There are 2 protein chains.
Amino acid sequence: MDVRTLCLGALMGGEATGYEIRKMFEDGTFSHFQIASLGSIYPALTKLTQDGLVTFVEHEQENRPDKKIYQLTSEGRRTFLRTLLQTRPAEDRYRSDILFMLTFAEEMPIELTEALIDEFAARHELMSQQIDPENTDKPAHQKSNARDENGELRPGCCFVAGLGQAMCNATLKFIRENKQGLLDELKARKANKS
Amino acid sequence: MDVRTLCLGALMGGEATGYEIRKMFEDGTFSHFQIASLGSIYPALTKLTQDGLVTFVEHEQENRPDKKIYQLTSEGRRTFLRTLLQTRPAEDRYRSDILFMLTFAEEMPIELTEALIDEFAARHELMSQQIDPENTDKPAHQKSNARDENGELRPGCCFVAGLGQAMCNATLKFIRENKQGLLDELKARKANKS
DNA sequence: CTATTATATATCAATTCGATATAGTCAAAT
DNA sequence: ATTTGACTATATCGAATTGATATATAATAG
């Protein structure tokens, strides 16, 4: 799925600026399973405008750069729905420098191994909070695609959020149960060698 | 982490061809948490050769294209270990078209929703098998970085593989427990609307 | 008998990332 | 008192990466 399609999907929940779309992928509804950078979102919105799939209204702001608030056209909405029906989803891909590095735990000082595991856990703890669509700690201004017009949580979003949280919890549980064992084994190996 | 570093890491487990390195990321040891395509691996190996971090021996083969078997130089080994100590790991990123699409479950036919969930489950089932470093179903020729010179499973790899499997299992469990509930709710909503 | 899969390298256009520029507000730490 | 860093907001661009394609052959499956 290219960034253009992702932008259309982001706008299915209502109007938004390019900056807000990025936030949906950075912190918001889509944060744990899709990514898109500003450097790809802005050109995508420009292209979509040219193709008539979105329109924007420029809002002048005092003492601030202008805001362009984008919105789907009916053509854009149709295109997105058609894409949903026709696209074969690409393979999932998970990319983690930390896990890659941990693979080489034997070659690093034990403190680094422990620090990497702790950071991995901390990131997942944070993610678990961000995922929760019912979490009210989040700043109120944040756009959420998780609710429909009536303010009800959309079932698809609920399911996906629940899945994300289950993955986070499994990760955290595994670390709680296996971190010390790994560190002990690494220590034993080091002692053996010398 | 750029592809050059990933290649150095892949070669820490011993010599390999570019094709074999890709397999480590596609099917093998690193498959569930890193990716690299051939289009990036070959140029990376060329660059690493120029920089003196790897060397290769060309093996002529009958009726087959020549093989270039790459190997770390001591300089390459040192560089990789230094990188391990110095690199701040980038944020993890998980990318899933299926989860993105499922977010819009309300907008699609229920059969598609179900098919997407089933495919998601099937992929994770497969992944779970691929991850297991003790799985002996795998073709014997496949390079595995998971074992050291003595044929013992390396603790870092074990930990990372276990974590991957825990994530897969959590995913599969969540689907078993929540798939029907989602489908039922979607059906109820559709009935309500019409 | 044909299609697909696997081994193996290589190239390249299109896409995407990541960093940077611009520009102003606001809060917090020095 | 002021500088540093974080947040809102758009835009651009070089560099990295993907994904597709080309080349060549063997083996396996349908």
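Letters A, B, ... mirror the listed sequences (proteins, then strands); counts begin at 1. For clarity, every value in this text was computed on a predicted model and none was experimentally measured.
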Whole-Å distance between dA20(D) P and E91(A) CD? 12 Å

Using whole Å, report how far CE of M24(A) lies from C1' of dT8(D). 15 Å

Mind calculating the distance between CD1 (I21(B)) and P (dT7(C)) to the nearest angstrom? 15 Å

So, is K23(A) near the phosphate of dA9(D), with a side-chain N or O under 4.0 Å from OP1 or OP2? no

Closest to the side chain of R95(B), out of dC17(C), dA10(C), dA9(D), is dC17(C)

If I take atom CD1 in residue I35(B) and atom P in nucleotide dA16(D), what distance separates them, rounded to the nearest angstrom? 17 Å

Between atom CG in D97(A) and atom C1' in dC17(C), what is the gap in whole Å? 14 Å

Which comes earlier along DNA chain D counting from the 5' end, the contact point of A90(A) or that of G18(A), where each point is its nearest nucleotide? G18(A)

Closer to the 5' end of DNA chain C via nearest nucleotide, is it I69(B) or S37(A)? I69(B)

Is any side-chain heavy atom of D51(A) closer than 4.5 Å to one of L48(A)? no

Tell me whether M1(A) is reachable from F25(A) by hopping between hydrophobic residues (I, L, V, M, F, W, Y) whose side-chain heavy atoms are closer than 4.5 Å. yes

Salt-bridge contact K67(A)-E20(A) (side-chain N to carboxylate O under 4.0 Å): no

Could you check whether any side-chain heavy atom of R77(B) comes within less than 4.5 Å of a side-chain heavy atom of F80(B), counting everything from C-beta outward? no

Would you say T17(B) places a side-chain N or O within less than 4.0 Å of OP1 or OP2 belonging to dT7(C)? no

Whole angstroms only, please: what is the CG-P distance between L38(B) and dA22(D)? 16 Å

Side-chain N,O (R93(B)) to OP1/OP2 (dG18(C)) below 4.0 Å: yes

Taking the minimum atom-to-atom distance to the side chain of Y19(B), which one of dC7(D), dT9(C), dC17(C) wins? dT9(C)

For M1(A) and dT15(C), what is the distance between atoms CE and P respectively, to the nearest whole Å? 16 Å

Expressed in angstrom and rounded to an integer, what is the separation of K67(B) atom NZ from dA26(D) atom P? 15 Å

Using a 4.5 Å cut-off on heavy atoms from C-beta on, say whether the side chain of T87(A) contacts that of T5(A). no

For residues 39-47 of chain B, which residues have at least one heavy atom under 4.0 Å from DNA chain D? G39(B), S40(B)

Using a strict threshold of under 4.0 Å (side-chain N to carboxylate O), is an ion pair present between E75(B) and R78(B)? yes

Tell me what R22(B) touches on the nucleic acid: a base, only sugar-phosphate, or nothing, going by heavy atoms under 4.0 Å. nothing

Quick one: are F33(A) and T103(B) in side-chain contact, heavy atoms under 4.5 Å? yes

